[in-house]
There are 2 protein chains.
Amino acid sequence: MLRITKQTDYGIVLLTHFGLADEGQLLSAKELAERTRIPAPMVAKILKILVRAGLLDSQRGAAGGYGLARPARDLSLLEMIAALEGPVSMTECAEMGSGCPIEAGCRPRVNWKLINQVVQAALEGITLERMITPAPACATLDLGLVRAGLEAPQRT
Amino acid sequence: MLRITKQTDYGIVLLTHFGLADEGQLLSAKELAERTRIPAPMVAKILKILVRAGLLDSQRGAAGGYGLARPARDLSLLEMIAALEGPVSMTECAEMGSGCPIEAGCRPRVNWKLINQVVQAALEGITLERMITPAPACATLDLGLVRAGLEAPQRT
DNA sequence: CGAAACCGGACCAGAAAAGTCCTGAAAAGA
DNA sequence: TCTTTTCAGGACTTTTCTGGTCCGGTTTCG
């Protein structure tokens with residue numbers, strides 16, 4: 001659990017196809033639906049969302065289509081997810097200041113903010129460009145470091 | 001978005017109350033509902049889940065109630081979430097080997113596994129004990145380290 | 001003009017989440 | 001022993017979200 005929605009998943013797959021296409025080349029919704037085998041109306045819907053969020057540019061008309069609004073190296077996974085399903089935050093109270101009816105006996109709040117930051121940092125650190133590289137070279141990561149960053153008891 | 005469910009959120013709040021109580025003290029569902037202001041039937045439901053998952057022990061009868069099955073320092077957030085909403089994985093394909101109809105044009109797979117590991121490491125690194133400490137001292141963390149762990153291009 | 005695309009929504013069915021309720025079984029105490 | 005308290009286990013309802021479809025309108029190219 002803690003899953004991204006299918007729509008978001010689709011959206012990211014679509015974006016990777018833009019990343020793989022030649023710079024500036026336009027891809028149409030229909031074309032993408034065929035390539036990815038995602039249902040066409042769904043593809044159309046998602047592309048519209050991505051345009052509104054500013055991740056894609058669109059061109060209408062007979063030879064129209066969609067293209068990345070920014071180079072793949074400047075597009076983070078965090079932005080993609082935020083565009084497709086709203087700002088990333090694991091709990092309500094980590095996002096909004098308050099309004100939580102539980103607040104009385106709620107201590108975890110502070111830590112949730114922290115966890116959010118970790119998740120966001122992780123997502124922000126992965127770019128579309130990286131998502132499309134063959135990746136065996138990138139397939140390692142040092143979890144020890146992640147953990148260390150989290151445990152840092154107190155900055156001196 | 002990317003939220004934990006309300007049920008999970010409640011569950012964690014409940015667990016923190018056990019962490020704060022004296023070691024070995026039993027808390028009843030009713031009592032917890034009053035303290036946390038979470039609807040009583042909900043509390044009952046969640047506590048049952050936590051017992052089945054082995055995070056809590058229960059004692060029936062007049063002076064019965066619930067208590068932590070393990071000390072707070074041995075209980076990670078990852079376990080709590082997993083108990084309450086199933087194993088943590090952000091995408092389907094990151095969990096199951098395959099079955100994904102998109103597989104044809106799907107490159108991100110590898111990176112998803114990676115991201116999952118980061119999230120899991122983050123959640124695993126936070127214990128119940130830590131969730132209940134007043135926390136100003138723990139409120140900092142070095143995001144640089146997290147990012148570094150993620151970017152580690154290649155282990156030498 | 002007409003075909004090919006995008007635009008903006010409305011819409012629906014099915015699934016999941018949130019929350020309730022009821023019956024039964026154990027343990028403690030009078 | 002009988003009553004009370006409290007957990008156990010489900011069934012159930014209601015609400016919300018998600019995945020997916022469809023349509024009328026507009027822009028652009030040929």
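Convention: sequence-line order gives letters A, B, ...; per-chain numbering from 1.
- The nearest whole Å value for the distance from the CZ atom in A/Arg60 to the C1' atom in C/dG8 is 9 Å.
- At whole-Å resolution of the value, CG in A/Asp9 and P in D/dT18 are 14 Å apart.
- The side chain of A/Ser28 contributes no N or O atom lying less than 4.0 Å from OP1 or OP2 of C/dA4.
- For the pair A/Ala63 and B/Leu27, nearest-nucleotide mapping onto DNA chain D gives the more 5' position to B/Leu27.
- A donor-acceptor contact under 3.5 angstrom links the side-chain atoms of B/Lys48 to the base of D/dG9.
- Atom CG in A/Leu2 sits about 15 Å away from atom C1' in C/dA17, given to the nearest Å.
- Comparing D/dG20, D/dC7, C/dC7 by their nearest atom to the side chain of A/Tyr10 picks out D/dG20.
- The backbone N or O of B/Ile4 lies less than 3.5 Å from no partner atom in the side chain of B/Thr8, so there is not a single donor-acceptor pair.
- Listed nucleotides: C/dA3, D/dA8, D/dT21. Nearest to the side chain of B/Ser58: D/dA8.
- Among the heavy atoms of the strands lying under 4.0 Å from B/Pro39 are primed sugar atoms or P, OP1, OP2 only; no base atom is included.
- Using a 4.5 Å cut-off between side-chain heavy atoms of Ile, Leu, Val, Met, Phe, Trp and Tyr, with links allowed through other members, B/Leu14 and B/Val51 fall into the same hydrophobic cluster.
- Contact check, B/Tyr66 against D/dA8: a side-chain N or O comes under 4.0 Å of OP1 or OP2.
- Counted by atom type alone, B/Ser76 and B/Glu124 present zero donor-acceptor pairs between their side chains at under 3.5 Å.
- Contact annotation: A/Arg52 side-chain N/O to C/dG8 OP1/OP2 distance is under 4.0 Å.
- The CD atom of A/Glu85 sits 20 Å away from the P atom of D/dT16 (whole-angstrom rounding).
- Among the nucleotides D/dA8, D/dT6, D/dG19, the one closest to any side-chain atom of B/Lys30 is D/dT6.
- Taking atom CG of A/Leu47 as the reference point, atom C1' of D/dG20 lies 15 Å away to the nearest angstrom.
- The distance between atom CZ of A/Arg3 and atom C1' of D/dT18, rounded to the nearest whole Å, is 14 Å.
- The nearest whole Å value for the distance from the CG atom in B/Leu26 to the C1' atom in D/dT6 is 11 Å.
- C/dG9 atom C1' lies 12 Å from atom CD1 of A/Ile49, rounded to whole Å.
- Annotation: A/Arg73, atom CZ; neighbour count of heavy atoms from other residues, nucleotides and ligands within 6.0 Å does not exceed 12.
- Using a 4.0 Å cut-off, no side-chain N or O of B/Thr5 falls inside it from OP1 or OP2 of C/dA16.
- Using a cutoff of 4.0 Å between basic side-chain nitrogens and carboxylate oxygens, A/Glu79 and A/Arg70 are scored as salt-bridged.
- Residue A/Ala29 is in sugar-phosphate contact alone, with no base atom involved, counting any heavy-atom pair closer than 4.0 Å across all strands shown.
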